[in-house]
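Heads up: the structure comes next, in structure tokens.
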Amino acid sequence: MREIQAPKGVSEYFPPRSQYFEFVRETLITAAKVSGYQLIELPVFEDTDLFKRGVGESTDVVSKEMYTFEDRGGRSITLRPEGTAGVMRSVIENNLDKLTLPIKVWYSGAFFRAERPQAGRYRQFYQVGIEAIGLNDPEIDFEVIAVADRAFKALGLNSYRLDITSLGDSASRASHRKDLLIFLDSLNLDEATKARAAINPLRLFDDKREDIQKAMAKAPLLLDYLSPESADNFARVQELLTNAGIAFTINPRMVRGLDYYTGTTFEFVSDKLGAQSGIGGGGRYDGLMAELGGNDLSGIGFGLGVDRILLACEAEGLFDSTEVKSELELFVIALSAEQKSYVSNLVNDLRNQGINCDMAYGDRALKGSMKSADKSGARFSVVIGSDEIDSGNVALKDMKTGSIKEVRISALSVEVKAN
Ligand code: HAM
């Protein structure tokens with residue numbers, strides 16, 4: 001019989017590496033929480049139209065990479081390829097914009113894109129994201145970028161850089177678009193490329209074909225078309241970043257993979273990863289909420305790629321220690337089969353008292369059980385035989401130092417907590 005394997009290109013995490021995945025994810029989430037963002041938990045599948053309208057039909061994400069299927073009721077459903085459109089849908093549907101603005105939310109979970117799998121590029125991957133909705137202010141742009149930067153620093157990452165640009169307001173984009181379309185008309189583009197350009201001409205800056213890249217070197221840049229207000233906003237964001245000591249490079253040719261962006265946009269790139277070096281990105285999306293049928297509120301946010309950030313941490317040697325990070329405080333071993341049920345009860349009682357503990361299962365010899373205690377990463381261990389049960393005393397062993405302290409079994413929880 002054929003062995004069943006995971007679907008092609010998905011990422012998965014199991015012990016011992018899963019502890020580092022969890023550490024990365026929790027560190028990113030903490031950075032969001034401590035800046036006032038609150039959890040929003042949304043479905044992983046949505047009405048397909050949400051992404052068509054929200055993310056844009058000129059994007060690879062919508063045109064080539066969505067997992068779309070018909071459900072049993074004949075509705076077109078898509079596994080979420082990104083988080084922002086769903087957040088906007090929920091804000092509109094649940095009238096969250098009637099609350100105090102800005103709405104600041106964070107999310108964490110799986111996202112799905114049918115991309116060609118390679119190192120750091122998966123078909124199911126994980127993001128931690130934040131969205132700040134209802135405020136068009138350089139201060140909030142700065143806050144969002146700073147949350148990501150603080151999260152990376154908290155992880156200990158060093159070798160990454162921040163690229164920023166501004167896509168301006170609608171007036172800036174309209175005047176640039178006019179000149180860009182005239183420029184593109186002068187190029188000999190094939191029909192498919194022309195069709196893409198008609199939906200979003202900025203996409204051509206991101207075209208990987210050499211001849212197009214060469215031609216686009218002379219294309220007019222949106223940054224040169226910013227309205228005075230957009231230019232002021234962008235200058236203020238730069239000033240705030242500089243004051244905060246957050247280094248950045250202005251990249252006027254940056255094109256994000258999603259069509260909803262306006263104003264400040266940014267990408268964090270790791271120097272330690274190969275082709276898939278984008279560890280997070282985001283930007284402002286004024287107009288998205290109105291496009292989805294809601295009020296015309298502005299917003300800004302980011303999505304950080306947990307899988308790639310883990311790879312970057314590993315590439316920077318941040319998780320080299322072979323030490324198991326364990327939540328366990330105590331590991332209990334029965335000397336022989338007769339003490340098994342006593343130990344089982346004791347462990348259950350200790351857990352009820354809030355002690356993180358585990359025990360050696362099965363009929364293994366003491367040596368094997370000691371190995372399990374070592375592997376568990378628990379801080380203390382005890383071995384319980386008939387003598388211990390009779391006397392009520394055990395030798396509490398500190399697994400790091402090897403030192404031993406005689407304690408009452410009834411005082412185990414107090415002793416473990418006190419040390
Ligand atoms: P995005 O740039 O498409 O933005 O994705 C954000 C991050 O998710 C990327 O920088 C990357 O680290 C990770 N990522 C994307 N695709 C994959 C993949 N196939 N495999 C592994 N990692 C991947 C968004 O999704 C926007 N919703 C971010 C945002 C929020 N903008 C405003 N608010």
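Ligands are counted one by one from 1 in listed order, and the atoms in each one are counted from 1 as well. For the numbers below, each heavy atom of this structure counts, side chains included, while hydrogens, waters and symmetry mates do not.
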**OP:** Give the atoms of ligand 1, by number and element, whose distance to some non-hydrogen atom of G282 is under 4.0 Å.
**Re:** 31 (N)

Subject >> Subset of ligand 1 atoms that lie under 4.0 Å from at least one heavy atom of L258 >> reply: 3 (O), 4 (O), 24 (C), 25 (O), 26 (C), 27 (N)

Original post:
If you measure from atom 13 (C) of ligand 1 to every heavy atom of G305, G120, G303, G86, which option wins on shortest distance?
Top reply: G305

Original post:
So is there a nitrogen or oxygen of I130 less than 3.5 Å from a nitrogen or oxygen in ligand 1?
Top reply: no

Subject >> Nearest-neighbour protein heavy atom for atom 8 (O) of ligand 1, which is reported as residue plus atom name and distance >> reply: Q127 NE2, 3.1 Å

Original post:
Among I133, I103, I92, which one satisfies side chain to side chain contact (heavy atoms under 4.5 Å, CB included) with D97?
Top reply: I103

**OP:** Report yes or no: does a heavy atom of Y261 sit under 4.0 Å from some atom of ligand 1?
**Re:** yes

**OP:** Number the atoms of ligand 1 from 1 as they appear, then name those within less than 4.0 Å of a heavy atom of E82, with their elements.
**Re:** 25 (O), 26 (C), 27 (N)

**OP:** Output the list of atoms in ligand 1 that are nearer than 4.0 Å to some heavy atom of G278, sorted by atom number.
**Re:** 9 (C), 10 (O), 11 (C), 12 (O)

**OP:** May I ask whether G283 has any heavy atom positioned less than 4.0 angstrom from an atom of ligand 1?
**Re:** yes

**OP:** Taking all heavy atoms of E57 and all of D259, pick out the closest pair and write down the distance.
**Re:** N-OD2, 4.4 Å

**OP:** Would you mind running through ligand 1 and noting each atom that sits below 4.0 Å from a heavy atom of Y122?
**Re:** 18 (C), 19 (N), 20 (N), 21 (C)

Subject >> ligand 1 contact on E131 by region, counting heavy-atom pairs under 4.0 Å >> reply: side chain

Subject >> Minimum non-hydrogen distance to atom 17 (C) of ligand 1, winning option of F125, F111, F266 >> reply: F125

Subject >> Region of E267 that comes within reach of ligand 1 [heavy atoms, distance under 4.0 Å] >> reply: neither

Subject >> Side-chain heavy atoms of Y13 within contact of E22, under 4.5 Å >> reply: no

Original post:
Relative to each other, are the rings of F319 and Y20 parallel, tilted or perpendicular (30° and 60° limits)?
Top reply: parallel

**OP:** Can you pull out the closest protein heavy atom to atom 32 (C) of ligand 1? Residue, atom name and distance to 0.1 Å, please.
**Re:** G301 O, 3.3 Å

**OP:** For residues L79 and F69, determine if any side-chain heavy atom of one lies less than 4.5 Å from a side-chain heavy atom of the other.
**Re:** yes

Original post:
Taking side chain as C-beta onward, heavy atoms only, is I40 less than 4.5 Å from V87?
Top reply: yes

Original post:
So, T264 versus D141: side-chain donor-acceptor pair below 3.5 Å or not?
Top reply: yes

Subject >> Pairs satisfying side chain to side chain donor-acceptor pair (under 3.5 Å), at least one member in residues 173-187, at least two apart >> reply: D179-Y225

**OP:** Could you check which of E115, R256, R113 puts a non-hydrogen atom nearest to atom 3 (O) of ligand 1?
**Re:** R113

Original post:
Looking at residues at least two apart in the chain, or sitting in another chain, which of them share a side chain to side chain donor-acceptor pair (under 3.5 Å) with Y260?
Top reply: E82, T84

Subject >> Distance (rounded to the nearest 0.5 Å) between Y160 OH and E267 CD >> reply: 15.0 Å

Original post:
From T265 OG1 over to L258 CG, what is the distance, rounded to the nearest 0.5 angstrom?
Top reply: 11.0 Å

Original post:
Given Y260, F302, F112, which one has a non-hydrogen atom that is nearest to atom 26 (C) of ligand 1?
Top reply: Y260

**OP:** Show which atoms of ligand 1 fall inside a sub-4.0 Å distance from at least one heavy-atom site of R121.
**Re:** 19 (N), 20 (N)

Subject >> Per-atom contacts, ligand 1 versus Y285 - under 4.0 Å to a heavy atom >> reply: 32 (C), 33 (N)

**OP:** Report yes if the distance between the aromatic ring centroids of F21 and Y126 is under 6.0 Å, otherwise no.
**Re:** yes

Subject >> Distance-minimising heavy-atom pair for R284 and L135 >> reply: NH2-O, 3.1 Å

Original post:
Does G129 have a heavy atom less than 4.0 Å from any atom of ligand 1?
Top reply: no

Subject >> ligand 1 to D307 polar contact by distance, N or O atoms, under 3.5 Å >> reply: no

**OP:** Under 4.0 Å from a heavy atom of I279: give me the atoms of ligand 1 that qualify, with their elements.
**Re:** 10 (O), 12 (O)

